[in-house]
There are 2 protein chains.
Amino acid sequence: MKKVGVAILGLGVVGSGTYKILTEHREFYKKNHCLDITVEGVMELNRERALSLGVEESKIASNIAEICSNSEIDIVVEAMGGIEPAKTFVLAALNSGKSIVTSNKELYCKYGHELEKVAKKNDCGLYYEATCVGGVPVIRALLDNLQGNKIISLTGIINGTTNYILTKMADCGAPYGEVLKEAQKLGYAEANPTSDVEGYDAVYKLSILSSLSFHTKVPYTEIYREGITDVDPVDIQYGKHFGYAMKLLAIGKNGEHGIEVRVHPAFIKSTHPLASVNDSYNAVYITGDGVEDVMLYGRGAGALPTGSAIVGDIIYCATHQGNNYSTFNNTEKADLTTKFIKNFESEYYLRLSAKDKAGVLSKITSHFTKRGISISQVIQEKAEDGQVPLIILTHTTFENDVKKTVDELNASEGVAKVLSVVRVIS
Amino acid sequence: MKKVGVAILGLGVVGSGTYKILTEHREFYKKNHCLDITVEGVMELNRERALSLGVEESKIASNIAEICSNSEIDIVVEAMGGIEPAKTFVLAALNSGKSIVTSNKELYCKYGHELEKVAKKNDCGLYYEATCVGGVPVIRALLDNLQGNKIISLTGIINGTTNYILTKMADCGAPYGEVLKEAQKLGYAEANPTSDVEGYDAVYKLSILSSLSFHTKVPYTEIYREGITDVDPVDIQYGKHFGYAMKLLAIGKNGEHGIEVRVHPAFIKSTHPLASVNDSYNAVYITGDGVEDVMLYGRGAGALPTGSAIVGDIIYCATHQGNNYSTFNNTEKADLTTKFIKNFESEYYLRLSAKDKAGVLSKITSHFTKRGISISQVIQEKAEDGQVPLIILTHTTFENDVKKTVDELNASEGVAKVLSVVRVIS
């Protein structure tokens, strides 16, 4: 029976979920994997929390040096989040010969290159399945299963908080602020929700997933980002009318002209498998040149689902001789030969408020025609207070042309004001 | 650059897809994996097919001995299907020190125990991701990612042919025989469709998946099996009315009383993620005690999707030192301590033709009450030719009680005839 000593840094949601799974399943792992996995140390500022979970007093370390010098510990789980002191602790653990299992997407996204280098130098494992989409096995699928493919694109709903908020907004028509408050009350959104609702969390994950998919570093700074704070329930309702669901999508594409990476709210056809990924569920839809379309779906967060990913990595680490790194040269910046496409193509949905005057529709559409934008559908509603609500759907066109058209329309006093623009994924 | 020599046994759909992927991606694998993977030998009775794919004449082996003695070959892909001569060839390759990558679900399901023993003895790899659900990474998810979990259940749509047929029957209301013919014309069903439409193919896959999930051998002979040949489009239409989709489901459950494994057509709620898995797409929905619900979705068959799984295994085999076997004691028969539940519980849909006489409904329902079966919904249609179409939905009850009730109803001349029984997954 192989003995495996684990330390857990941080006993928040993920750390305590991991602790719970490991302690409750000890006999199960002994029987099925011939592994006796025990938690030999934890680091947690809140000692009471550690004790209430059942951690023995003697296992609570006061500093990282105690963890690093403890020869009973083979694997260190970093579940603290944030950059510091997580980064210092992870580097210290690697340098003392411990393998790392982390759920820290921000750390891995920003410093993965440095961690990998130190892990390789020390011949330690570095596992990060839990950084993306909780217990859904997307990292391992990209690292192992799909390696035969050139990945063409991935489209993901990879943030549970925003998916919960958008689902509730769609269900009850309530505005963003109201639903956010409810989500905070229920624990689906944090007190400071910025990282989730502004799309940063999704950007970190997309950086990791697209780097793996496209075999080249995709720095998070190259990813276009737009959050959900400005989403208007009116547009969600119009979207339904056209057969679309509104989702915060993380999109990565690798084409002959370069790599395109973006996170923003978008409409997706209600028949697309991603459209029925609701509440706090997540999914990643991957298209490869051999496998065609694959979707991996499940809980993207939470104590036990993310703990499941961490424990999966612990068992993998303990049962596989080789270590597991990214399958690309993980550097700080992108390779100079990598081109990032900023002026991407999409279909668009625009909602305008037009002046109720003869010839206005013709004037508005002429702005689109001028930029070569082809309109696929128009809905003109009844005028109210001299303003005509107008919905315009376009065929595939360039982002920059749409932006210019919007600027021109807004500048053309007396014609129309653009109230919202939503990209449409066909 | 590590050189990896591959042999492919059988250049049918899967073998030729694998050949195509390997040859077209050679430079891609060199660049991204430092692997130079070449096809050093093929075995294919139809030489013309091999030559038309671009295989050099000198690489076409006449017998398995040529493959086994070729020192350029490290990995043998078995894509022949069936038991013999596949089994003899695989054993010969393992005994000559070659690792095996197979897509042969029948072989792995029936003789996995023997193949594993020989692979271990020869310190060779044995990989079988391609046996189940094409390019969808379900085997690796069970082998690696989900090992932290006790798997509670898996429910899968794991046969593309039957899912295609049921989708078309639902779309156009056509009878089974008609849709089967169309599916055969389009290549979605084989000339002899028995293995697919009678559920054998799904049974082999469920045996593999549930053995992995539940850490014990689940012999295919323990799996209850019912195909789709008797599915009546009338029931599919009634199902729609109740908000159900008809699918051929493969179900494995592991509870305190034992393991329950079955393949049969069933109704599933249209809001369940599996309900929108249509056409030849497949999906496996897994519930673990940590990860909660995970669904893996994609093409379950086809040259390139299955080829993708095979090439993923080839790259894994070439880049991982350890070999990869089942994480249970893979034996021929189930462990004597394993209990299989035959009298499973389910909700039920029954369609009856009742005599148009006073008191008949009361007589019919009394048969249910007698067996302790609780009825949740009844639809009585208008009588036609003295017969009343009657739909009965039950609450959760035992399979055996429903069977007995059906027998009794059919025996009670002058009351009702049971036309169809469909299990309902809630």
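What you see below is based on every heavy atom in this structure, not just the backbone, and it leaves out hydrogens, waters and symmetry mates. Numbers restart at 1 for each chain; the letters A, B, ... are given by sequence-line order, proteins then strands.
- For A:Y281 and A:Y297, the gap between ring centers is short of 6.0 Å.
- With hydrogens and angles left out, the side-chain atoms of B:K247 and B:N278 include a donor and acceptor closer than 3.5 Å.
- The existence of a salt bridge linking B:K217 and B:D335 is excluded, since no basic side-chain nitrogen approaches an acidic carboxylate oxygen closer than 4.0 Å.
- Tested against A:Y128, the residues A:I310, A:L212, A:D313 include a single side chain to side chain contact (heavy atoms under 4.5 Å, CB included) partner, A:L212.
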- Item | Pair B:K168-B:D279, salt bridge (Lys or Arg N to Asp or Glu O under 4.0 Å): steps then yes or no | CA-CA 7 Å; B:K168 293 300 154 200; B:D279 302 315; 3.6 Å; yes

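- Between the B:N282 side chain and the B:G298 main chain, no donor and acceptor come within less than 3.5 Å of each other.
- Residue contact with chain B, scored on non-hydrogen atoms closer than 4.5 Å, involves the side chain of A:E129 exclusively.
- For the pair A:K150 and B:F28, the cation-pi test (distance below 6.0 Å, angle within 45°) is passed.
- Heavy atoms of A:H33 lying under 4.5 Å from chain B belong exclusively to its side chain.
- For a heavy-atom cut-off of 4.5 Å, chain A lies close to B:L304, B:P305, B:S308 in residues 302-309 of chain B.
- Proximity to chain B (any heavy atom under 4.5 Å) is restricted, for A:Y316, to the side chain, taken from C-beta onward.
- The pair B:D293-A:R299 does not count as a salt bridge, with every side-chain nitrogen at least 4.0 angstrom from each carboxylate oxygen.
- Each of A:T319, A:I315, A:L146 has some count of heavy-atom pairs under 4.5 Å with chain B, and the biggest count is that of A:I315.
- Using a 4.5 Å cut-off between heavy atoms, B:L296 touches chain A through backbone and side chain atoms alike.
- Contact tally against chain B (heavy-atom pairs below 4.5 Å) for A:I21, A:D289, A:V311: the top residue is A:D289.
- Within the model, atoms SG of B:C132 and CG of B:L209 stand 4.0 Å from one another, a figure rounded to the nearest 0.5 Å.
- If you measure heavy-atom distances from A:N329 to chain B, you find no contacts under 4.5 Å at all.
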